[in-house]
Amino acid sequence: MEKTYIMVKPDGVQRGLVGEIIKRFEQKGYQLLAAKLAQPSRKVLEEHYKDLSARSFFPSLIEYMSSGPVMCLVFSGKGVVKTGRLLLGETNPLSSLPGTIRGDFCVEVGRNVCHGSDSVESAEREIKLWFPEGIIEYKRAVDQWIYE
């Protein structure tokens, strides 16, 4: 099964949306493998967002992301990277459909509540970065009712 990294950003944590975000992934059928509340260091954030380091908004992104705690999550399941991004909605919340997390809870790109890995390779890198201690994998009894 594929894994993805989902991070509830400081605005999502401050607004009390962590439970709702976990709920939506679990209701879809995805398995929660890891969760922790973290106060990210600039070093970790700069590594996480290194592909955006040349962009003009990079300094403000790092400042914002280090402004409060984030909720780090790992989910597993069939097609979880692609479908997880569909659950989150478009990066620009105003382009996100109602029913998506960003479509329901956000207005501004700079306060778009959550991050989701954009590929299986990114997910692997992000999971190692945010969970150096590793994650717990286990078999769920309910999987027989989700997967053929």
Side-chain angles (χ1 to χ4, degrees), residues 1-138 140 146:
M1 289 287 171
E2 202 172 274
K3 294 179 191 68
T4 194
Y5 175 70
I6 302 296
M7 177 169 49
V8 183
K9 296 178 180 180
D11 55 322
V13 173
Q14 292 290 336
R15 293 177 57 200
L17 297 175
V18 171
E20 179 66 28
I21 293 166
I22 292 172
K23 175 184 164 189
R24 290 189 185 203
F25 276 81
E26 288 188 322
Q27 283 182 328
K28 179 70 176 171
Y30 292 129
Q31 181 182 19
L32 181 63
L33 295 181
K36 70 178 177 184
L37 192 64
Q39 180 64 57
S41 68
R42 293 184 76 84
K43 181 180 177 183
V44 169
L45 289 168
E46 287 169 356
E47 177 62 25
H48 179 84
Y49 288 112
K50 68 183 177 183
D51 59 319
L52 302 174
S53 63
R55 306 290 292 269
S56 62
F57 60 82
F58 185 73
S60 62
L61 172 64
I62 299 303
E63 187 68 30
Y64 159 66
M65 288 299 297
S66 61
S67 70
V70 298
M71 188 68 182
C72 307
L73 305 163
V74 177
F75 287 96
S76 175
K78 186 176 182 180
V80 72
V81 172
K82 181 179 178 183
T83 304
R85 290 181 63 82
L86 291 174
L87 289 170
L88 296 180
E90 300 293 324
T91 301
N92 181 345
L94 295 178
S95 299
S96 294
L97 295 174
T100 65
I101 292 165
R102 291 177 178 144
D104 290 348
F105 300 114
C106 314
V107 177
E108 296 280 342
V109 173
R111 299 291 184 268
N112 67 1
V113 175
C114 44
H115 161 84
S117 300
D118 62 5
S119 69
V120 172
E121 296 76 26
S122 292
E124 289 172 4
R125 182 181 69 81
E126 292 168 354
I127 292 166
K128 286 178 186 171
L129 177 66
W130 291 95
F131 289 93
E133 68 278 14
I135 59 173
I136 297 171
E137 296 193 49
Y138 60 100
R140 297 184 302 177
I146 297 170

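Heavy atoms only: backbone and side chains are in, while hydrogens, waters and symmetry mates are out.
The shortest side-chain heavy-atom distance between L87 and F25 falls under the 4.5 Å cut-off. Side-chain contact between D11 and F105: absent, with no pair of heavy atoms (C-beta onward) separated by less than 4.5 Å. Between L88 and I6 the shortest side-chain heavy-atom distance falls below 4.5 Å. The side-chain heavy atoms of W130 and L73, taken from C-beta on, include no pair separated by under 4.5 Å. Within the 4.5 Å cutoff, no side-chain heavy atoms of R42 are placed close to those of M65. For the pair F75/K28, no side-chain contact is recorded, criterion being any heavy-atom separation below 4.5 Å from C-beta on. Using a 4.5 Å cut-off on side-chain heavy atoms (C-beta onward), E47 and R125 make contact. Side-chain atoms of H48 and H115, non-hydrogen and from C-beta on, do get closer than 4.5 Å to each other.
Distance check: L45 CG to L52 CG gives 11.5 Å after rounding to the nearest 0.5 Å. From Y49, atom OH reaches atom CD of E126 across 8.5 Å, with rounding to the nearest 0.5 Å. Rounding to the nearest 0.5 Å gives a distance of 3.5 Å between NZ of K9 and CG of N112. The structure places CG of L61 at 11.0 Å from OG of S53, a figure rounded to the nearest 0.5 Å. With rounding to the nearest 0.5 Å, the separation of CG in D118 from OH in Y5 is 13.5 Å. Atom NZ of residue K82 and atom CD of residue E2 lie 10.5 Å apart, to the nearest 0.5 angstrom.
No donor-acceptor distance shorter than 3.5 angstrom exists from the side chain of D104 to the backbone of P98, with no hydrogens or angles considered. A donor-acceptor contact shorter than 3.5 Å links the side chain of T83 to the backbone of G79. Not a single donor-acceptor pair under 3.5 Å links the side chain of Q31 to the backbone N or O of S76.
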Kindly indicate, with the supporting measurements, whether the criterion side-chain contact (heavy atoms from CB on, under 4.5 Å) is fulfilled by L33 and I136. CA-CA 6 Å; L33 295 181; I136 297 171; over 6 Å; no

Q. Can you check side-chain contact (heavy atoms from CB on, under 4.5 Å) on V18 and V13, steps first, answer last?
A. CA-CA 6 Å; V18 171; V13 173; 4.1 Å; yes

Step-by-step side-chain contact (heavy atoms from CB on, under 4.5 Å) determination, K3 to I135 = CA-CA 11 Å; K3 294 179 191 68; I135 59 173; 3.7 Å; yes

Any chance you could lay out the side-chain contact (heavy atoms from CB on, under 4.5 Å) test for I21 and V113, step after step, and finish with the verdict? CA-CA 10 Å; I21 293 166; V113 175; 3.6 Å; yes

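Nearest heavy-atom pair, R140 versus I146, reported as atom, atom and distance to 0.1 Å: NH2-CD1, 3.6 Å. Closest of all the heavy-atom pairs between L32 and Y138 is O-OH, 3.1 Å. The heavy-atom pair separating V81 from S117 by the smallest distance is CG1-O, 3.6 Å. Of all non-hydrogen atoms in P93 and E108, the two that sit nearest each other are CG-O, 3.4 Å. Of all heavy-atom pairs spanning K36 and P132, the tightest one is NZ-CD, 4.2 Å. Residues G89 and R102 approach most closely at O-NH1, 3.0 Å, considering heavy atoms.
With Y64 as the aromatic partner, R111 meets the cation-pi criteria of under 6.0 angstrom to the ring centre and within 45 degrees of the ring axis.
The number of heavy-atom neighbours closer than 6.0 Å to NZ of K128, taken from other residues, nucleotides and ligands shown, is 12 or below.
A salt bridge links E20 and R24; the closest N-O separation between the charged side-chain nitrogens and carboxylate oxygens is under 4.0 Å. Comment: K43 does not engage E46 in a salt bridge, judged by the lack of any side-chain N to carboxylate O separation of less than 4.0 angstrom.
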